[in-house]
A.B. asks: 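Please find one structure pasted underneath; my questions will follow.
Worth knowing before you read on, the calculation uses all heavy atoms, side chains too, and leaves out hydrogens, waters and symmetry mates. None of the values given here were measured: they were computed from a predicted structure.
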Amino acid sequence: LSERAHRAYRSLVWEEPAFPAFFRRFTPVDELADLEIGSRPVSRPEAAASSELVALRAIPWVFAWTQNRCLLPAWYGAGTAFAEHDVVELRRLYREWPFFQTFIDNLEMTLAKASMRIARDYLVLVGDTDGARLFGTIEEENRRAVDAVLAITESAELLDRQPQIKRSVRLRNPYVDPMNALQVELLRRHRAGDTAARRPLLRSIAGIAAALRNTG
């Protein structure tokens, strides 16, 4: 399962030529350098001669995907791996192996926090056919991951077995969603040269991180 997930992840992140440019436009990774939280500088100086993604630190990589509610590093590849395996065996592993149970439970929580509906709004910052194509691939993998977790846990909805966490996520999301809508507009204005957008943009980044309880 790990090998299958690894292959799927690398095929998008490392082997897709259009991915680095898509990542920079689709997430606020460049703008994180102006915020005094997380790991700074965003890229490692000693890796300056390397490719863009190789030089990027791990925390900004995760943080950037958390901001647009995609949370891609936490689940991408899992759906493909599970889809190619016998669900009866996966259910047995979930019942009998504490490590696998913890892994699935953490995956489920991450998928519940993610929102492809909100992430899709960030596509206006990309503005090319490669962006739509890559996001389509991400959406498909997200659906596979959600379907697999529900099948393995034999649940109708994510977090059905953890009602307190489910309620917390559902109560929090209506307050986070408007911040994402504002962030998209502020990113557009900031990247177009509007200096007045910088301060509220940084506040939107801090606000989303606080609301989701994740910085990377």
Side-chain angles (χ1 to χ4, degrees), residues 1-2 4-5 8-9 26-28 37-38 58-59 61-123 135-184 203-216:
L1 288 171
S2 177
R4 289 170 182 166
Y9 186 87
F26 188 58
T27 74
I37 61 176
I59 290 177
W61 164 249
V62 177
F63 193 176
W65 287 109
T66 302
Q67 284 289 304
N68 65 11
R69 306 282 288 283
C70 200
L71 282 78
L72 178 143
W75 52 262
Y76 196 91
T80 294
F82 291 141
E84 297 174 2
H85 204 78
D86 179 28
V87 70
V88 175
E89 175 68 6
L90 293 172
R91 287 171 178 169
R92 185 188 67 79
L93 288 173
Y94 183 72
R95 289 193 306 270
E96 299 177 5
W97 190 13
F99 172 82
F100 191 71
Q101 184 180 88
T102 300
F103 172 75
I104 294 296
D105 289 348
N106 286 338
L107 179 61
E108 181 180 22
M109 186 182 301
T110 303
L111 289 167
K113 284 186 174 184
S115 172
M116 294 300 102
R117 177 180 62 84
I118 296 297
R120 176 173 282 279
D121 291 342
Y122 285 72
L123 275 179
F135 187 72
T137 300
I138 292 168
E139 275 189 313
E140 288 175 10
E141 183 65 11
N142 181 266
R143 281 194 291 270
R144 280 191 288 267
V146 171
D147 289 346
V149 168
L150 293 178
I152 292 167
T153 61
E154 300 180 78
S155 302
E157 292 185 348
L158 294 173
L159 300 177
D160 270 356
R161 295 157 298 102
Q162 302 178 63
Q164 289 183 326
I165 298 176
K166 184 177 183 179
R167 182 172 180 270
S168 174
V169 171
R170 284 188 169 179
L171 287 173
R172 188 163 61 238
N173 281 354
Y175 297 94
V176 189
D177 293 354
M179 283 196 283
N180 283 108
L182 286 169
Q183 186 177 86
V184 170
R203 286 182 172 178
S204 77
I205 293 173
I208 291 169
L212 295 181
R213 301 181 182 179
N214 289 97
T215 61

A.B. asks: Shortest non-hydrogen contact from Trp65 to Asn68?
C.D. replies: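 What the structure gives for the nearest pair is O-OD1, 2.8 Å.
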
A.B. asks: How long is the gap from CG on Leu159 to CD1 on Ile165, to the nearest 0.5 Å?
C.D. replies: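 Here the interatomic distance stands at 6.5 Å.
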
A.B. asks: Hey, is the main chain of Thr80 close enough, under 3.5 Å, to the side chain of Glu141 for a donor-acceptor pair?
C.D. replies: yes

A.B. asks: Distance from Asp86 atom CG to Arg91 atom CZ, nearest 0.5 Å?
C.D. replies: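 Interatomic distance, Asp86 CG to Arg91 CZ, rounded to 0.5 Å: 9.5 Å.
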
A.B. asks: Would you call the rings of Phe100 and Trp97 parallel, tilted or perpendicular if under 30° counts as parallel and over 60° as perpendicular?
C.D. replies: parallel

A.B. asks: Closest heavy-atom contact between Ala8 and Gly77?
C.D. replies: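 Taking every non-hydrogen atom into account, CB-CA, 3.9 Å.
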
A.B. asks: Do Gln67 and Pro28 have side chains that get closer than 4.5 Å, going by heavy atoms?
C.D. replies: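 Yes; the side chains approach each other to less than 4.5 Å.
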
A.B. asks: Quick one: are the ring centres of Phe135 and Phe26 less than 6.0 Å apart?
C.D. replies: yes

A.B. asks: Would you say Leu111 and Val149 make side-chain contact, with heavy atoms under 4.5 Å?
C.D. replies: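 Sidechains of Val149 and Leu111: in contact.
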
A.B. asks: Do you know the tightest heavy-atom contact between Leu107 and Ala74?
C.D. replies: CD1-O, 3.7 Å

A.B. asks: State which residue, out of Thr27, Ile205, Ile208, fulfils the side-chain contact (heavy atoms from CB on, under 4.5 Å) condition with Phe63.
C.D. replies: Ile205

A.B. asks: Looking only at heavy atoms, which two atoms of Ala156 and Leu150 are closest? And how far apart?
C.D. replies: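 The pair with the smallest heavy-atom distance is O-CD1, 3.9 Å.
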
A.B. asks: For Arg170, I'd like to know if atom CZ has over 12 heavy atoms of other residues, nucleotides or ligands within 6.0 Å.
C.D. replies: no

A.B. asks: Strictly by modelled atom types, are Gln183 and Tyr122 linked by a side-chain donor-acceptor pair under 3.5 Å?
C.D. replies: yes

A.B. asks: Output the distance between atom OG (Ser168) and atom CE (Met109), rounded to the nearest 0.5 Å.
C.D. replies: 9.5 Å

A.B. asks: Has the side chain of Thr110 got a donor or acceptor atom that lies under 3.5 Å from a matching backbone atom of Asn106?
C.D. replies: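 Yes, because the side chain of Thr110 sits within donor-acceptor range (under 3.5 Å) of the backbone of Asn106.
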
A.B. asks: Can you tell me how far the CZ atom of Arg95 sits from the OG1 atom of Thr153, to the nearest 0.5 Å?
C.D. replies: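 Taking CZ in Arg95 and OG1 in Thr153, the distance rounds to 12.5 Å.
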
A.B. asks: Return the CG to NE2 distance between Leu90 and His85, rounded to the nearest 0.5 Å.
C.D. replies: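 These two atoms lie 5.0 Å from each other.
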
A.B. asks: Restricting to pairs with a member in residues 96-105, which pass salt bridge (charged side-chain N to carboxylate O under 4.0 Å, His left out), not counting sequence neighbours?
C.D. replies: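 Every salt bridge (charged side-chain N to carboxylate O under 4.0 Å, His left out) pair that includes a residue of residues 96-105, provided the two are not neighbours, is Arg92-Glu96, Asp105-Arg161.
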
A.B. asks: Using a 3.5 Å distance criterion without hydrogens, assess whether the side chain of Trp75 forms a donor-acceptor pair with backbone atoms of Cys70.
C.D. replies: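 Side chain of Trp75 to backbone of Cys70, a donor-acceptor pair under 3.5 Å: yes, one is there.
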
A.B. asks: Between Asn142 and Tyr76, is there a side-chain donor-acceptor contact under 3.5 Å, judged purely by atom types and distance?
C.D. replies: no

A.B. asks: What are the two closest heavy atoms between Ile104 and Ile152, and how far apart are they?
C.D. replies: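 Distance-wise, the nearest heavy atoms are CD1-CD1, 4.1 Å.
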
A.B. asks: Is there a side-chain contact (heavy atoms from CB on, under 4.5 Å) between Tyr9 and Leu72? Walk through the geometry before answering.
C.D. replies: CA-CA 10 Å; Tyr9 186 87; Leu72 178 143; 4.3 Å; yes

A.B. asks: Starting from the C-alpha separation in whole Å, work towards a yes-or-no answer on side-chain contact (heavy atoms from CB on, under 4.5 Å) for Leu1 and Phe103.
C.D. replies: CA-CA 12 Å; Leu1 288 171; Phe103 172 75; over 6 Å; no

A.B. asks: Please lay out, stage by stage, how Leu182 and Ser204 fare under the test side-chain contact (heavy atoms from CB on, under 4.5 Å).
C.D. replies: CA-CA 7 Å; Leu182 286 169; Ser204 77; 5.5 Å; no

A.B. asks: How long is the span from the CG atom in Asn180 to the CZ atom in Arg117, to the nearest 0.5 Å?
C.D. replies: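 Between Asn180 CG and Arg117 CZ, I get 9.5 Å after rounding to 0.5 Å.
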
A.B. asks: What pairs of residues pass the salt bridge (charged side-chain N to carboxylate O under 4.0 Å, His left out) test when at least one of them lies in residues 65-78, not counting sequence neighbours?
C.D. replies: Arg69-Asp177

A.B. asks: Got a sec: does the CZ of Arg203 have more than 12 other heavy atoms crowding it under 6.0 Å?
C.D. replies: no

A.B. asks: Determine, step by step, whether Leu123 and Arg120 satisfy the side-chain contact (heavy atoms from CB on, under 4.5 Å) criterion, reporting the C-alpha distance in whole Å, the side-chain angles of both residues, the deciding distance to 0.1 Å, and the verdict.
C.D. replies: CA-CA 6 Å; Leu123 275 179; Arg120 176 173 282 279; 4.0 Å; yes

A.B. asks: Is a side-chain N or O of Ser115 found less than 3.5 angstrom from the main chain of Ile118, in a donor-acceptor match?
C.D. replies: yes

A.B. asks: Do the side chain of Lys113 and the main chain of Val169 share a donor and acceptor less than 3.5 angstrom apart?
C.D. replies: no

A.B. asks: With distance as the sole test, does Glu139 use its side chain to make a donor-acceptor pair with the main-chain N or O of Met116 at under 3.5 Å?
C.D. replies: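 Looks like no, no N/O pair under 3.5 Å.
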
